[in-house]
Every structure is written in C-alpha cells, then in structure tokens.
Visitor: 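To start, I am sharing the structure in question, which I have written as structure tokens.
Ligands are counted one by one from 1 in listed order, and the atoms in each one are counted from 1 as well.
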Amino acid sequence: MLPTSHPLHDIARRVDAGQRLSFDDGLRLAQSHDLPALGVLAHAVRARLHGDDVYYNVNRHLNPTNVCYVGCELCAYGDDPNAPDAWSYSPQECVEIARRDFTPQVGEFHIVGGLHPRWKFGVYLDILRALKEAFPTVHLKAFTMVEVDFLAKIGKLSVPDTIAALRDAGLDSCPGGGAEIFDPEVRDKIASKKMSGERWLEVAGLVHEAGLKSNCTMLFGHIEEPRHWVDHLVKLREQQDATGGFQCFIPLAFHPANTKYDMLPGPDLTMKLKVIALSRLLLDNIPHVKAYWVMLGREAAQVALRFGANDLDGTVIDERVTFAAGGAAGKGMTVEEIRAFIRGAGLRPVLRDTLYNPLEAVG
Ligand code: V47
C-alpha cells in the first residue's frame with residue numbers, strides 16, 4: 001500500500017492485515033505531515049468496511065432550550081435565562097417547530113439543548129412524549145451523555161432508571177455530543193464545569209447496557225495537541241470494546257466565534273482531514289465515521305469522504321450550535337444537494353435511518 005521505504009510502511013502493513021493500531025502508531029500518524037499517505041490508508045479501511053457507499057439521512061435538529069448554567073468556554077450556544085436571545089420552548093412549541101418543515105421523508109429528530117437551571121425532569125419527558133405522539137414514525141435521537149447525567153440528578157434517579165424513563169417517553173437513541181476532549185488538563189480549560197471525560201464514558205456505557213445505541217464525538221482544533229486526539233480515540237475504542245453501542249464517531253471542528261477562545265483560528269483543512277483519517281484508522285471497532293458537513297464545512301466534508309469518512313449526517317434543518325459559533329456552512333442541505341455532493345466525490349449515496357439500515361440505494 002505504501003512503498004517499503006516510507007516511514008509509515010510498518011503501520012500500513014498492520015492496516016492491510018486488519019490489525020489493531022497502538023497508541024504509538026496513532027501518535028506517529030497524528031504527527032505525520034504526509035497527508036496523502038494517511039488518506040490512502042484510511043480510504044482503504046473505509047472501502048473495506050463500506051465499499052463506495054456514503055450514508056446520509058433526512059433529519060431535523062430541535063433545540064428545546066439554549067439556556068444552560070454550565071457556561072463551557074468552548075461554547076457559543078448556551079445562554080443565561082434572562083439573556084435577550086434565550087429561548088425555552090414548551091413541549092407543544094417543540095411540536096409546532098418540528099411541524100414547520102416536516103415532510104414525510106424526515107426520519108429523525110436530533111434533539112439537544114442546554115442544562116436548564118429551572119426545568120424539571122418532567123419537562124424533558126413531556127417533550128419526548130409530545131414529539132412521539134405527533135410524529136410516531138420519527139426516530140428520536142435525543143440528549144447527550146451530559147444531559148442524561150444532568151437529568152438523572154434533577155430527576156433524583158439512577159442513570160439506568162433515568163434512561164428507562166426517557167425510553168418509556170419515546171427516546172430511541174442518543175447523539176454523541178459533549179465528549180469534547182477527554183484529557184483532564186485540556187478539558188479543564190475548554191469545558192471546566194462540564195462532567196469529566198471518565199463520567200461521559202461511564203454514562204455512555206450505561207446507555208449501551210440499557211440496549212440503546214449512541215454516537216461519540218471529539219472536538220478538535222482549539223488548544224489540544226495531537227497526543228490528545230490519540231488519547232481520546234483510544235479511550236473511545238476501549239469503551240466500545242466494553243459496551244459496544246457506539247454506531248458512529250463524529251470529529252467536530254471547533255468554531256471559535258463568540259466563545260472564550262475567539263482569538264483562535266479554528267482548524268485548517270489539513271487538520272480536518274488528518275483527524276478524519278486518524279479516527280478511521282484507530283477506531284477499528286466503531287463502524288461509521290461521520291463527516292459532519294455543518295461543522296467541517298461543505299468542501300472539507302466532501303474531501304473527507306476520501307479520507308476515511310462514510311457518512312455525512314443529514315439535511316439538518318435549523319442547526320444552532322455551530323451557527324452560534326460563526327458556522328458558515330449553511331442551515332441545511334436538500335436531499336438532491338447531498339446526493340450530488342456524494343457523487344461529486346465519486347461515491348454512492350445511500351439513504352439510511354438513524355440505526356444505519358439502508359432505506360434506498362439511489363446509485
Ligand atoms: O456537544 C459546542 C460541540 C456538540 C462548539 O450524534 C462545538 O449524530 C464546534 O454533538 N465549535 C453538538 N463544536 C453537536 C454534536 C452532533 C452533531 C451532529 C450529529 C451528532 C450525532 C452530534 O458540538 C456539542 C459540543 O461538543 N460544540 N460548541 C463550537 N464552538
């Protein structure tokens with residue numbers, strides 16, 4: 001795959017043989033400047049797993065509230081309850097918002113929000129119930145591990161009992177946000193008051209043990225170093241070995257505007273492609289790597305499909321987290337745009353549901 005004289009040749013041989021890469025292998029890949037070589041290796045793995053298929057779905061983001069008492073340094077989305085731009089929608093308002101752009105093709109609501117200091121657990125359950133009742137066929141992918149842990153606290157329940165209550169109310173799976181960077185020193189600077197990385201992994205394990213699937217993420221391109229990516233990915237891989245419920249890994253490109261780190265430039269194209277390739281190569285037990293076009297930017301996401309990514313997420317109507325932090329990728333893509341975008345990379349668009357069942361191979 002790479003000439004024997006290449007400094008990554010030994011890693012290439014392990015990749016070719018389907019062997020697990022070590023932390024040190026990951027570090028060498030992360031520190032390599034041979035981006036095309038990383039792309040060749042990651043694309044080979046992606047082709048072995050998924051052929052030419054690129055998954056996408058038809059989804060809609062719903063953010064019941066942006067009120068959040070945590071105030072993470074990395075975030076531009078959370079707000080104080082009295083801020084002029086704060087919103088807190090009732091369950092009925094959530095249904096009305098969801099109805100606005102609804103088409104029968106919509107298969108998923110991606111629901112995340114702030115940790116509201118005044119909402120009771122019942123509000124979150126009511127939001128799920130109202131949405132499930134109004135849209136019984138739509139998959140509710142709701143609440144990150146940070147929210148699940150918070151809901152357990154305000155509901156005064158164990159995490160397994162919290163998950164059971166959410167499930168009874170309509171929860172179908174969980175999104176992957178809030179993982180940020182697990183390394184405690186970095187985490188302490190970008191998300192100082194958020195749950196620890198260890199706790200994030202523990203709650204993910206409990207979600208999996210309850211029989212639900214979830215996703216996982218990593219926020220990159222801020223103050224972290226390449227070794228922190230490798231540490232984060234290896235910890236996700238270990239968690240997946242233990243509980244096996246991660247469907248998809250999503251590297252999230254940091255957007256600095258309106259955050260405490262607005263002096264930083266954010267990741268460049270080289271870093272975006274390197275992180276995508278590295279994650280495909282290290283995460284041998286997580287089936288899908290998502291090039292989340294909203295955060296990567298459309299052009300980087302398209303190239304990422306040849307650097308190890310096999311999923312694009314979806315039409316994503318009304319995204320607010322990246323938008324608040326200066327994201328310019330746009331507020332949504334049509335199905336036609338997504339299909340053309342995938343074909344433009346020479347690959348095959350496959351409409352999927354949230355659990356990665358192919359719904360229609362459109363070629
Ligand atoms: O949890 C916050 C991150 C996440 C910023 O599971 C930021 O399918 C960049 O997790 N710049 C929310 N990122 C998004 C997310 C997600 C998106 C799409 C699909 C899925 C999935 C999950 O965004 C947050 C946080 O980690 N974030 N602020 C920022 N300034």
Visitor: Nearest protein heavy atom to atom 15 (C) of ligand 1, by residue and atom, and its distance?
Guide: L252 CD1, 4.0 Å
Visitor: Between Y261 and F254, how do the two ring planes meet: parallel, tilted or perpendicular, split at 30° and 60°?
Guide: perpendicular
Visitor: Answer yes or no for E319: is there a heavy-atom contact with ligand 1 below 4.0 Å?
Guide: no
Visitor: Taking 4.0 angstrom as the limit and counting only heavy atoms of A325, give me the atoms of ligand 1 inside it, by number and element.
Guide: 30 (N)
Visitor: Yes or no: does T144 have any heavy atom under 4.0 Å from an atom of ligand 1?
Guide: no
Visitor: Should R28 and D24 count as an ion pair when the cut-off is N to O under 4.0 Å?
Guide: no
Visitor: Heavy-atom contact under 4.0 Å between C174 and ligand 1?
Guide: no
Visitor: What residue and atom, counting heavy atoms only, is the protein's closest point to atom 21 (C) of ligand 1, and at what distance?
Guide: I250 CD1, 3.2 Å
Visitor: Please determine whether a side-chain nitrogen of the Lys or Arg among R20 and D284 lies less than 4.0 Å from a carboxylate oxygen of the Asp or Glu.
Guide: yes
Visitor: Salt bridge between K132 and D172, side-chain N to carboxylate O under 4.0 Å?
Guide: yes
Visitor: What protein heavy atom lies closest to atom 20 (C) of ligand 1? Include the residue and the distance to one decimal.
Guide: H110 CE1, 3.3 Å
Visitor: Measure the distance from atom 18 (C) of ligand 1 to every protein heavy atom, then report the residue, atom name and distance (to 0.1 Å) of the closest one.
Guide: Y292 CZ, 3.3 Å
Visitor: Where's the contact between A253 and ligand 1, heavy-atom distance under 4.0 Å: side chain, backbone, both or neither?
Guide: backbone
Visitor: Write out the residue and atom name of the closest protein heavy atom to atom 7 (C) of ligand 1, then the distance separating them to 0.1 Å.
Guide: L219 CD1, 3.7 Å
Visitor: Does the pair R14/D10 count as a salt bridge with the N-to-O cut at 4.0 Å?
Guide: yes
Visitor: Checking the N or O distance criterion of under 3.5 Å, is ligand 1 in contact with K290?
Guide: yes
Visitor: Quick check against the 3.5 Å criterion: does R187 have a side-chain atom that pairs as donor or acceptor with the backbone of A179?
Guide: yes
Visitor: Using a strict 4.0 Å cut-off to heavy atoms of V321, name the atoms of ligand 1 that fall inside it.
Guide: 2 (C), 23 (O), 27 (N), 28 (N)
Visitor: With atoms numbered from 1 as shown, which atoms in ligand 1 lie under 4.0 angstrom from a non-hydrogen atom of N215?
Guide: 6 (O), 8 (O), 21 (C)
Visitor: Kindly say whether H61 contributes a backbone atom to a donor-acceptor pair with the side chain of H110 at under 3.5 angstrom?
Guide: no
Visitor: If you look at every heavy atom in L62 and I97, which pair is closest and at what distance?
Guide: CD2-CG2, 3.9 Å
Visitor: Which protein non-hydrogen atom lies closest to atom 14 (C) of ligand 1, naming both residue and atom, and how far is it?
Guide: M295 CE, 4.0 Å
Visitor: Can you tell me how far the CZ atom of F182 sits from the CD atom of E198, to the nearest 0.5 Å?
Guide: 10.5 Å
Visitor: Would you call R60 and D101 a salt bridge, taking side-chain N to carboxylate O under 4.0 Å as the test?
Guide: yes
Visitor: Thinking salt bridges, do D241 and R237 make one under a 4.0 Å N-O criterion?
Guide: no
Visitor: Look only at interatomic distance and state if T217 has a nitrogen or oxygen under 3.5 Å from any nitrogen or oxygen of ligand 1.
Guide: no
Visitor: Counting from 1, what ligand 1 atoms have a heavy atom of G177 closer than 4.0 Å?
Guide: 1 (O), 10 (O)
Visitor: Suppose I only count heavy atoms of L74 and a 4.0 Å limit; which atoms of ligand 1 are within that range?
Guide: 2 (C), 5 (C), 27 (N), 28 (N), 29 (C), 30 (N)
Visitor: Which atoms of ligand 1 are found less than 4.0 Å from any heavy atom of G176?
Guide: 6 (O), 21 (C)
Visitor: Got a salt bridge between R199 and E202, using NZ or NE/NH1/NH2 to carboxylate O under 4.0 Å?
Guide: yes
Visitor: So is F254 in contact with ligand 1, going by heavy-atom distances below 4.0 Å?
Guide: yes
Visitor: Just which atoms of ligand 1 are under 4.0 Å from any heavy atom in P175?
Guide: 6 (O)
Visitor: Can you report which non-hydrogen protein atom sits closest to atom 1 (O) of ligand 1, along with the distance?
Guide: G178 N, 2.8 Å
Visitor: For G245, is there any backbone N or O sitting under 3.5 Å from a side-chain donor or acceptor partner on T243?
Guide: no
Visitor: For the 3.5 Å polar cut-off, considering only N or O atoms, please tell me whether H255 and ligand 1 meet it.
Guide: yes
Visitor: Can you figure out which of E73, E147, K141, Q247 has its heavy atom closest to atom 8 (O) of ligand 1?
Guide: K141
Visitor: I'd like to know if the side chain of D313 pairs up with that of N57 as donor and acceptor (distance under 3.5 Å, no hydrogens or angles considered).
Guide: no
Visitor: Measure the distance from atom 26 (O) of ligand 1 to every protein heavy atom, then report the residue, atom name and distance (to 0.1 Å) of the closest one.
Guide: E180 OE1, 2.6 Å
